[in-house]
Amino acid sequence: MIGRVFTSTHQVFELPALLAWSVVHTGGVPCDSFSVSFLFETGMTATLDSAAGFLALHEGEVVFKGIVDEFSVDLDAGGLTASIHGRGYAARLLDNESQPMTYQDATLSEILRQHVVPYGIPIAETADVRASSVYTVAAGTSQWKALENFCRTYGGFVPRFGRDGTLSAAPEKPGKILALSDSDPVIACSLQEDRYGVLTEALIIDKTRNVSYSVKNQERIDQGGSCRRVLYTSGQSTWAAMRYTGEYQIQQSKEDQRRVTITLPGSFPAFPGDRAAVRLPRLGVSGMFRVCEVENSFSCKDGAVSELILKPVV
């Protein structure tokens, strides 16, 4: 992998050969991140001081673009080395709070213009979404949450960032399909099911109008679970919004219930949004999964490996 830094004065510098690196892709929150280390060369201090952005290339393709959060220069038995750490462009929206705002008949384009565009984030695609009710951004809400909540509530999707740092505010289109079976060189694999915190009921109460709406997770109820949450909404809530809020809370609680983690040799076999057709009968895992997170890493000692976190396609 080749690493380049962009300075605050828009200069581009290619880093020396990387001794070790890690690139994590999630597409959303927690946001993408990176770390690289290399031999420190005389005269690099000024470049590191002004480093604002980072770009990674693998086999000629962009595999990461984001911001620089920190750097260090270290002298030890291994010599004089430097390291840089940072996050994807979602960090710009997570790090900034929105002012409290109330929208009437808001469109996604308006939300992007108010909460995303000012932070210099390139937008790859936008869905045609319009609010069916008043949309409120509360005080203390991050710009990311202002965008995500609007997309989830009125569009039924989650915005995401691509490997090149662009934002897609539209329903996800499945990417390529990665086939994994016992015949592939799987380094490690684990299946995890965690039922703790999975809701059986979300009770939404509008105190102003004195109405309530209950959404139940029958699958978890049938498993013997019992976990209810009570949430309160404003007096401007519609039945559709209350139903969505309940369904959203249950869905959120189920997102991490089952996951498969697979470690493969090599780099960048897949990215979030891709699909994995998995057939590992010894582990009892078979079916189609969505690639949710990928950590690609390299070191001179261990070589290149990729850890994929997969969740069942619903």
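Start at 1 with the first residue, then count along the sequence. All values below were derived from every heavy atom in this structure, side-chain atoms included, with hydrogens, water molecules and symmetry-related copies excluded. Bear in mind the structure is a predicted one, so any value in this text is a computation, not a measurement.
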So, [X] and [Y]: side-chain donor and acceptor under 3.5 Å apart, yes or no?
X	Y	result
Asn296	Ser306	yes
Thr9	Thr7	yes
Tyr154	Ser133	yes
Ser98	Thr141	no

*Do you reckon Val158 sits in the same ILVMFWY cluster as Phe161, going by side-chain contacts under 4.5 Å, direct or chained?*
no

_In this structure, would Leu308 and Val260 fall into the same cluster of hydrophobic residues linked by side-chain contacts under 4.5 Å?_
yes

[Y] and [X], any side-chain heavy atoms less than 4.5 Å apart:
X	Y	value
Phe6	Leu55	yes
Pro159	Glu148	yes
Val5	Ile84	yes
Val134	Thr102	yes
Ile204	Tyr232	no
Tyr89	Ile67	yes
Asn96	Tyr119	yes
Ile111	Tyr135	yes

*Trace of the side-chain contact (heavy atoms from CB on, under 4.5 Å) decision for Ile262 with Leu280*: CA-CA 11 Å; Ile262 297 179; Leu280 299 171; 4.0 Å; yes

Distance, nearest 0.5 Å, that separates [atom1] of [X] from [atom2] of [Y]:
X	Y	atom1	atom2	answer
Thr261	Gln192	OG1	CD	7.0 Å
Leu94	Gln143	CG	CD	10.5 Å
Phe40	Leu80	CZ	CG	6.0 Å

[X] side chain to [Y] backbone, donor-acceptor under 3.5 Å:
X	Y	value
Arg275	Gly273	yes
Ser50	Ala46	yes
Asp164	Thr166	yes
Arg160	Ala170	yes
His25	Val63	yes

*asked:* For Glu14, is there an ion pair with Arg4 - N to carboxylate O distance below 4.0 angstrom?
replied: yes

_Under-4.0 Å salt bridge between Glu201 and Arg220_ = no

*What closest approach, in Å, do Pro185 and Pro265 show between heavy atoms, and which atom pair accounts for it?*
O-CD, 3.0 Å

*List the atom of Ala304, the atom of Phe298, and the distance in Å for their closest heavy-atom pair.*
N-CD1, 3.8 Å

*Return the set of residues passing side chain to side chain contact (heavy atoms under 4.5 Å, CB included) with Ser226 (not counting sequence neighbours), or none when no residue passes.*
none

*Pairs flagged by ring-ring contact (aromatic ring centres under 6.0 Å, His included) wherever residues 166-188 is involved - sequence neighbours left out*: none

*Walk me through it: do Val73 and Thr45 pass the test side-chain contact (heavy atoms from CB on, under 4.5 Å)?*
CA-CA 9 Å; Val73 179; Thr45 304; 5.7 Å; no

Provide the full list of salt bridge (charged side-chain N to carboxylate O under 4.0 Å, His left out) pairs with a residue in [range], sequence neighbours left out, each pair given once.
range	result
residues 284-303	Glu172-Arg290
residues 86-113	Asp69-Arg87, Arg87-Asp95
residues 25-45	none

*With a cutoff of under 4.5 Å between side-chain heavy atoms, which Ile, Leu, Val, Met, Phe, Trp and Tyr residues group with Ile221?*
none

*Can you label the angle between the Trp21 ring and the Phe268 ring as parallel, tilted or perpendicular, going by 30° and 60°?*
parallel

*More than 12 heavy atoms of other groups within 6.0 Å of Asp76 CG*: yes

